[in-house]
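Predicted, not measured: the structure shown is a model, and the values here were computed from it.
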Amino acid sequence: APTPTPTATLTSTPTRTPTVTRTPTSTPTGTWIPTATPSPSATRTATTTPLPGCPAYGSRLLITAISAAGSDEWVRLINTTGTAQPMACWTLVNIDTAATYSFPDDFVFPAYGAVRVHSGPGAPMSSPPRDLRWTTDYVWRDEGGEAQIRYGSTVIQTFCYGDGCH
C-alpha cells in the first residue's frame, strides 16, 4: 500500500498593515478675535516741536477711507495712539483741487478714536467727536483722487482712493 507523503500546505496568516487616518485640520473662518498684547510702559510716542500758537502732536493720525459716492461724502480718520490730539493747526486737503478743511481749534481727536469729515449736499451737521461737517459742496471725485492730513505745512499722510492712485 502506498504510504502517504506529507505535503506542505501554505496557509495565510493575516498581518496588520498600518493605514493612514486623516486628521482634520483647522481652517480659518475669517472671524478675527483680538488678543491683548501688552505694551511696555516705557513706550513713548514721538512728538514734534509745536508750531507757534499750535499744540504739539504726539498722536499718529491716519486717513483710512474716503467715500465719494452719494450726496454725503466723507473721509474717515483714526487716531492710532492712546493720546488725545488737539486739532488746532491740522488740515485735511484734497490734493486734486487744493480744497482745504481746517479742523476746529477746539476739536480734540480722542485717543484711539475715529472721526468722519463730511462734505456734499447730504453732509450731516457736525456731531463731534465722531462726525464733522466740512461743507455742503462736493469735494471728492467719484473716480478717485488723493487726500492729505497735515499739521501746519507738514504732510503727515497722503492717501489715495479709486483711480487717483498713481
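Judged purely by atom type and a 3.5 angstrom limit, Arg150 has no side-chain atom pairing as donor or acceptor with the backbone of Ser153. Under a 3.5 Å cut-off, the side chain of Asp96 and the backbone N or O of Glu146 do form a donor-acceptor pair. Remark: side-chain polar atoms of Ser126 are not paired, donor with acceptor, to backbone N or O of Pro128 under 3.5 angstrom.
Heavy atoms only, all atoms of each residue included: Ala65 and Trp74 are closest at CB-CZ3, 3.9 Å. Between Val115 and Pro129, the shortest heavy-atom contact is CG2-O, 3.4 Å.
Atom CG in Leu92 sits 5.5 Å away from atom CD1 in Ile63 (nearest 0.5 Å). For the atom pair CG of Leu77 and CD1 of Ile156, the computed distance is 12.0 Å after rounding to the nearest 0.5 Å. Between atom CD1 of residue Ile149 and atom CZ of residue Arg60 there is a gap of 12.0 Å, rounded to the nearest 0.5 Å. The OG1 atom of Thr81 sits 4.0 Å away from atom CG of Asn79, with the distance rounded to the nearest 0.5 Å. Taking OH of Tyr161 as the start and CG of Asp142 as the end, the distance is 7.5 Å to the nearest 0.5 Å. Note that the CD atom of Glu73 and the OG atom of Ser119 stand 3.5 Å from one another [nearest 0.5 Å].
The disulfide (SG to SG under 2.5 Å) contacts involving residues 97-132 comprise nothing, where partners must be two or more places apart or lie in separate chains. Counting only residues at least two apart or on different chains, the salt bridge (charged side-chain N to carboxylate O under 4.0 Å, His left out) pairs with a member in residues 113-136 are Arg116-Asp131. The stretch residues 61-72 participates, sequence neighbours left out, in these side-chain hydrogen bond (donor to acceptor under 3.5 Å, both in side chains) pairs: Thr64-Arg76, Asp72-His118. Judged as a side-chain hydrogen bond (donor to acceptor under 3.5 Å, both in side chains), not a single pair has a partner in residues 99-112 (not counting sequence neighbours).
Taking the six-membered ring for Trp, Tyr151 and Trp90 have ring centres closer than 6.0 Å.
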Passes side chain to side chain contact (heavy atoms under 4.5 Å, CB included), Leu62 versus Thr80? Steps please.
-> CA-CA 8 Å; Leu62 297 174; Thr80 64; 3.8 Å; yes
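Side-chain contact of Gln148 with Thr158: a donor-acceptor pair under 3.5 Å is present, judged by distance alone.
Looking at Thr91 and Phe103, their side chains never come closer than 4.5 Å, going by heavy atoms from C-beta outward. The closest side-chain heavy-atom distance from Thr97 to Trp140 is not below 4.5 Å. Side chains of Phe107 and Pro86 form no contact here, defined as non-hydrogen atoms less than 4.5 Å apart.
Follow the hydrophobic side-chain contacts under 4.5 Å out from Val139 and you reach Val75 in the same cluster.
Residue Val93 shares its hydrophobic cluster (ILVMFWY side chains chained together at separations under 4.5 Å) with Ile95.
Checked against side chain to side chain contact (heavy atoms under 4.5 Å, CB included), Val108 has the following partners two or more places apart in sequence or in another chain: Ala84.
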